[in-house]
Amino acid sequence: MKNVAVLLGSLTEKSINKSLAKAIEKLAEGRLQFDYLDIGSLPHYNNDLWENPPASVTGLKHKVEAADAVLIVMPEINRSYPAVVKNALDWASRPYGKNSWTGKPLAIAGASPGAIGTAAGQNALRMTLPLYGFVVMGQPEVYFQFKPGLIDDNFQVTDDQSRGFLENFVDKYVEWIDHHGQRRELAEAAE
Ligand code: FNR
């Protein structure tokens with residue numbers, strides 16, 4: 001079973017992106033184990049804090065380093081991506097030379113009530129990802145237009161077409177992790 005560090009880009013209790021993440025988790029049951037990172041308790045990035053780093057920061061880095069892969073599930077905020085995601089990405093990318101994200105297979109998904117379903121936000125995020133060293137899965141893209149009832153209280157996707165689409169996303173993500181995660185292990189063994 002692969003361990004996935006999840007960055008949920010909404011701190012809202014009844015978040016539609018939390019529902020989407022839980023629905024994906026359910027579809028991946030038995031193949032992927034999700035660990036939701038506590039990114040809401042991180043301080044704003046401040047270089048001075050490395051002198052005595054907060055437990056929230058060192059804990060984040062340990063969890064990322066232990067993970068086989070990363071999944072970002074997030075809303076679109078004013079046509080960009082959430083500050084809470086950016087803050088977490090920046091913290092675990094430092095100190096310089098000790099970037100915890102390097103080589104991690106990454107997939108992205110997002111939900112919005114709007115028709116473009118976070119496409120603009122994900123585009124803004126994707127522009128930054130090479131710098132963090134992720135191995136980014138390009139397809140399938142998940143721009144999930146959320147409608148009430150589409151994901152029920154047990155995190156089942158109620159619409160066949162949407163469920164099939166997410167099942168395919170999970171299958172491709174598992175393949176992506178198997179392929180690129182293994183390459184990372186081989187690279188580490190060769191060092
Ligand atoms: C939004 N929302 C939004 N939606 C969208 O599709 N594109 C956008 O650019 C924005 N911008 C935006 C800014 C701010 C400050 C807020 C509060 C909201 C609407 C957003 O998609 C909606 O509130 C979702 O429910 C947020 O996701 P969670 O928190 O429910 O997961």
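Order of appearance sets the numbers: ligands from 1, and atoms from 1 within every ligand.
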Below 4.0 angstrom, N of the basic side chain to O of the carboxylate: do D153 and K22 qualify?
no
Number the atoms of ligand 1 from 1 as they appear, then name those within less than 4.0 Å of a heavy atom of N17, with their elements.
27 (O), 28 (P), 31 (O)
Under-4.0 Å heavy-atom contact between protein and atom 17 (C) of ligand 1
no
Examine the proximity of ligand 1 to S10 and report which part, side chain or backbone, both or neither, has a heavy atom under 4.0 Å away.
side chain
Any idea which protein heavy atom is nearest atom 26 (C) of ligand 1, and the distance to it?
P75 CB, 3.8 Å
Kindly compute the distance separating CG (L42) from CG (L60), expressed to the nearest 0.5 Å.
5.5 Å
If the contact criterion is a heavy-atom separation under 4.0 Å, does S15 count as touching ligand 1?
yes
Report, in ascending order of atom number, the atoms of ligand 1 lying under 4.0 Å from any heavy atom of R79.
7 (N), 8 (C), 9 (O)
Mind running side chain to side chain contact (heavy atoms under 4.5 Å, CB included) on V70 and L37 for me, showing each step along the way?
CA-CA 10 Å; V70 178; L37 303 180; over 6 Å; no
With a 6.0 Å cut-off on the ring centroids, do W91 and W101 count as close?
no
Q122 and V142 have their tightest heavy-atom pair at NE2-O, 2.9 Å
Measuring to protein heavy atoms, does anything land under 4.0 Å from atom 12 (C) of ligand 1?
yes
Counting heavy atoms only, which of L8, I77, T118 is nearest atom 15 (C) of ligand 1?
I77
Could you see which bit of T12 sits under 4.0 Å from ligand 1, with heavy atoms only: side chain, backbone, both or neither?
side chain
Verdict with reasoning, L106 to W176, per side chain to side chain contact (heavy atoms under 4.5 Å, CB included):
CA-CA 9 Å; L106 170 75; W176 189 257; over 6 Å; no
What is the nearest protein non-hydrogen atom to atom 10 (C) of ligand 1, stated with its residue, atom name and distance?
E76 O, 3.1 Å
Please list the nearest protein heavy atom to atom 25 (O) of ligand 1 with its residue and the distance rounded to 0.1 Å.
I16 CD1, 3.6 Å
Would one find an N or O of S112, backbone or side chain, under 3.5 Å from an N or O of ligand 1?
yes
Can you say whether the rings of F34 and Y36 are parallel (under 30°), tilted (30 to 60°) or perpendicular (over 60°)?
perpendicular
May I ask you to identify the nearest protein heavy atom to atom 22 (C) of ligand 1, giving residue, atom name and distance to one decimal place in Å?
P113 CD, 3.9 Å
Give a yes or no on this: more than 12 heavy atoms of other residues, nucleotides or ligands lie within 6.0 Å of atom CD1 of I116.
yes
Protein heavy atoms: any of them under 4.0 Å from atom 2 (N) of ligand 1?
yes
For the student: nearest non-hydrogen atoms of G121 and Y81, plus distance
O-CB, 3.8 Å
